[in-house]
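Down below is the structure, laid out as structure tokens.
Values below: every heavy atom of this structure, side chains too, minus hydrogens, waters and symmetry copies.
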Amino acid sequence: MAFFKEDLMKVSAFIFDVDGVLSNECIVIDSSGEMLRTANTKDGYAIQYAVKKGYPVAIITGGVSDAVEKRYKGLGVADIYMGSKNKIKDFEDFIAKYDLNPDQIMYMGDDLPDYEVMKRIGVPTCPCNAVEQIKAISNYISDKEGGYGCVRDVIEQVLRAHSKWLEADTNIQSI
């Protein structure tokens, strides 16, 4: 499944879930009870690059993790909604803050808590290992799994369509 050019051209902001999108589906619990997640460096580079290019980026997750918050703040993400019990409310806060049109937002989710927001936005996307209900409403299904480059996939496609993904402009660092 490939994006249609008109889908890519209308994107002006990104929203991502964490578990199953920015991290893989596995959570390791350490001896103190902290839930540890993975993070893909290529996804991180793409997020930082999108922020540098002026795209608002939000993270909306039901999880709560100081490490997740630190990572994405370190990449320049200003809008991180942790412990989200109502993703619609957090979504509405984000679009109001930046005066965004929901049709111009790309959201990547993988499971049922993402469903209602994905039904309200213009460019719903998901990793290839998302649940069937999410795949059914997605305009694009990445060939990458959550935590393995699916975020890089969609950001790079959008920025290339907008002529903002330039190989010569690589002076940023991911963490």
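The CG atom of N40 sits 8.0 Å away from the SG atom of C150 when rounded to the nearest 0.5 Å. Note that CZ of F16 is 7.0 Å distant from CD1 of I59, once rounded to the nearest 0.5 Å. With values rounded to the nearest 0.5 angstrom, C126 atom SG is found 9.0 Å from E132 atom CD. Of the inter-residue distances, the one linking R152 atom CZ with T41 atom OG1 reads 9.0 Å to the nearest 0.5 angstrom. Annotation: the span from I60 atom CD1 to M82 atom CE amounts to 12.5 Å, rounded to 0.5 Å. Here CG of D66 is found 9.5 Å from NZ of K73. Values are rounded to the nearest 0.5 Å.
In this view, K10 satisfies the side-chain hydrogen bond (donor to acceptor under 3.5 Å, both in side chains) rule with no residue, not counting sequence neighbours. T61 meets the side-chain hydrogen bond (donor to acceptor under 3.5 Å, both in side chains) test with no other residue; sequence neighbours excluded. For the side-chain hydrogen bond (donor to acceptor under 3.5 Å, both in side chains) test, no residue two or more places apart in sequence or in another chain qualifies with E116. Residues satisfying the side-chain hydrogen bond (donor to acceptor under 3.5 Å, both in side chains) criterion with K144, sequence neighbours excluded, are absent altogether.
Nearest heavy-atom pair, I121 versus I105, reported as atom, atom and distance to 0.1 Å: CD1-O, 3.6 Å. Considering all non-hydrogen atoms of both residues, D19 and D17 come closest at O-OD2, 3.1 Å. Between D7 and V123, the shortest heavy-atom distance links the atoms O-CG2, 3.7 Å. Contact record, G109 with P127: O-CD, 3.4 Å, taken as the closest heavy-atom pair. Summarising the geometry of S142 relative to M108, their closest heavy-atom pair is CB-CE, 4.4 Å, with the distance given to 0.1 Å. Taking all atoms of both residues into account, the shortest heavy-atom contact from I141 to C128 is CG2-CA, 3.7 Å.
If you chain together hydrophobic residues whose side chains sit under 4.5 Å apart, V11 and I15 never meet in one group. Both V21 and Y72 belong to a common hydrophobic cluster when Ile, Leu, Val, Met, Phe, Trp and Tyr are linked at side-chain heavy-atom distances under 4.5 angstrom. Residues V131 and L22 are members of separate hydrophobic clusters, defined by side-chain heavy-atom contacts under 4.5 angstrom among Ile, Leu, Val, Met, Phe, Trp and Tyr. In this structure, L100 is not a member of the same hydrophobic cluster as M106, with clusters built from ILVMFWY side-chain heavy atoms closer than 4.5 Å.
For the pair D111 (side chain) and G20 (backbone), a donor-acceptor distance under 3.5 Å is absent.
Put simply, the side chain of I95 reaches to within 4.5 Å of the side chain of P102, judged on heavy atoms. When side chains are defined from C-beta on, D153 counts as touching Y140, because their heavy atoms get closer than 4.5 Å.
Sorted by first and then second residue, the salt bridge (Lys or Arg N to Asp or Glu O under 4.0 Å) pairs involving residues 118-130 (not counting sequence neighbours) are E92-R120. Screening residues 77-100 for ring-ring contact (aromatic ring centres under 6.0 Å, His included) gives F94-Y98 as the qualifying pairs, with residues at least two apart or on separate chains.
No side-chain donor-acceptor contact under 3.5 Å links D43 and Y148. In the model, Y107 has a side-chain atom that pairs as donor or acceptor with a side-chain atom of D114 under 3.5 Å. In this model, no donor atom of one side chain and acceptor atom of the other lie less than 3.5 Å apart for Y49 and E156.
With V57 as the partner, the side-chain contact (heavy atoms from CB on, under 4.5 Å) test is satisfied by one option alone out of I155, L75, V151, V77: V77.
In this pair, H162 and Y55 present their aromatic rings parallel. The plane angle is below 30°, not in the 30 to 60° band.
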